[in-house]
Amino acid sequence: MTFEEKTIDSKRIYEGRIINLRKDRVTVLHGTSEREIVEHPGGAVIAALKDDRHMIMVRQYRKAAGRVVLEVPAGKIDPGEDPQDTALRELQEETGYRAGNIRFLTKMYPSVGYSEEVLYLYLCTDLIPGETHFDDNEAIDIEEYSLEELCRMVMTGRIEDGKSQVAVLMVRELLEEGELQECLK
């Protein structure tokens, strides 16, 4: 049986630059309970696909994982910013590429059990190379892999980042279904 929890009260526990944390007291099937919720403004995720079916990836150290991670480009949505504008901005900042075409693919909740964060996934094609504009605190290596190799890396556990797994597998499926022929020359 599905039960919709109702918030009785809410208390902000932490307020940060990127995330906030709050504790909600909620109704549950047999009384009340507490939920700790991460508030995050959301992000845009970019599947940057070149005409030769290679994807642009970024490799960077991620403190939360404690190691270097291979990912698709992505970034936080600024206040009042449209997610598509975020995607185009982050693609250019992190990889130097600009997109001649952009297509919304899906939105997803990466950690629905404790976070409000929503990620918006876009396919960027007709890529035009240019200069990167890294944030002062970013150290990123830009890499390029064939879609086939990326799929193998996802399926063998070499790509562990969830947003990147979704991006790679969605693009592969759309290509196999013939949905992206107009995007590639």
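What you see is a predicted model, and the numbers here were worked out from it, not measured in a lab. Residue indices begin at 1 and follow the sequence shown.
- One hydrophobic cluster, built from ILVMFWY side chains closer than 4.5 Å, cannot hold both Ile8 and Val28; they sit in different ones.
- Between Lys11 and Asp9, none of the side-chain N atoms (NZ, or NE/NH1/NH2) sits under 4.0 Å from a carboxylate O, so this pair counts as no salt bridge.
- Ion pair Arg25/Glu34 not flagged as a salt bridge, since none of the NZ, NE, NH1 or NH2 atoms sits closer than 4.0 Å to an Asp/Glu carboxylate oxygen.
- Nearest heavy-atom pair across Asp161 and Val69 is CB-CG1, 4.2 Å.
- Considering CG of Leu105 and CD of Glu173, their distance stands at 12.5 Å, rounded to 0.5 Å.
- Using a 4.0 Å cut-off between a side-chain N of Lys or Arg and a carboxylate O of Asp or Glu, Glu71 and Arg62 qualify as a salt bridge.
- For the pair Ser164 (side chain) and Val72 (backbone), a donor-acceptor distance under 3.5 Å is present.
- The two atoms that bring Pro110 and Leu119 nearest to each other are CG-CD1, 3.8 Å, heavy atoms only.
- Residue Met108 is grouped with residue Leu123 when hydrophobic side chains (ILVMFWY) are merged at heavy-atom distances under 4.5 angstrom, including chains of intermediate members.
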After noting the C-alpha distance and the side-chain angles of Lys76 and Asp78, does the key distance pass the side chain to side chain contact (heavy atoms under 4.5 Å, CB included) rule?
CA-CA 6 Å; Lys76 181 178 69 66; Asp78 289 337; 3.7 Å; yes
Between Glu117 and Lys163, is the salt bridge (charged side-chain N to carboxylate O under 4.0 Å, His left out) condition met? List the steps.
CA-CA 12 Å; Glu117 180 182 20; Lys163 69 184 179 302; over 6 Å; no
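- Annotation: the span from Arg172 atom CZ to Met155 atom CE amounts to 6.5 Å, rounded to 0.5 Å.
- A side-chain donor-acceptor contact under 3.5 Å links Gln92 to the backbone of Glu131.
- Closest of all the heavy-atom pairs between Met57 and Tyr145 is CG-CD1, 3.9 Å.
- Residues Glu116 and Ile37 approach most closely at CG-CG2, 3.7 Å, considering heavy atoms.
- Once rounded to the nearest 0.5 Å, the distance linking CD of Glu93 with CD1 of Ile140 reads 9.0 Å.
- Contact between Val166 and Leu121 at its shortest, heavy atoms only, is CG1-CD2, 4.0 Å.
- Across all non-hydrogen atoms, the minimal contact from Phe3 to Thr27 is CE2-O, 3.5 Å.
- No hydrogens or angles considered: a donor-acceptor pair under 3.5 Å links the side chains of Glu81 and Thr86.
- The line from NE2 of His133 to CZ of Arg89 is 12.5 Å long, rounded to the nearest 0.5 Å.
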If you apply the rule side chain to side chain contact (heavy atoms under 4.5 Å, CB included), what do you find for Thr32 with Val26, and how did you get there?
CA-CA 5 Å; Thr32 64; Val26 299; over 6 Å; no
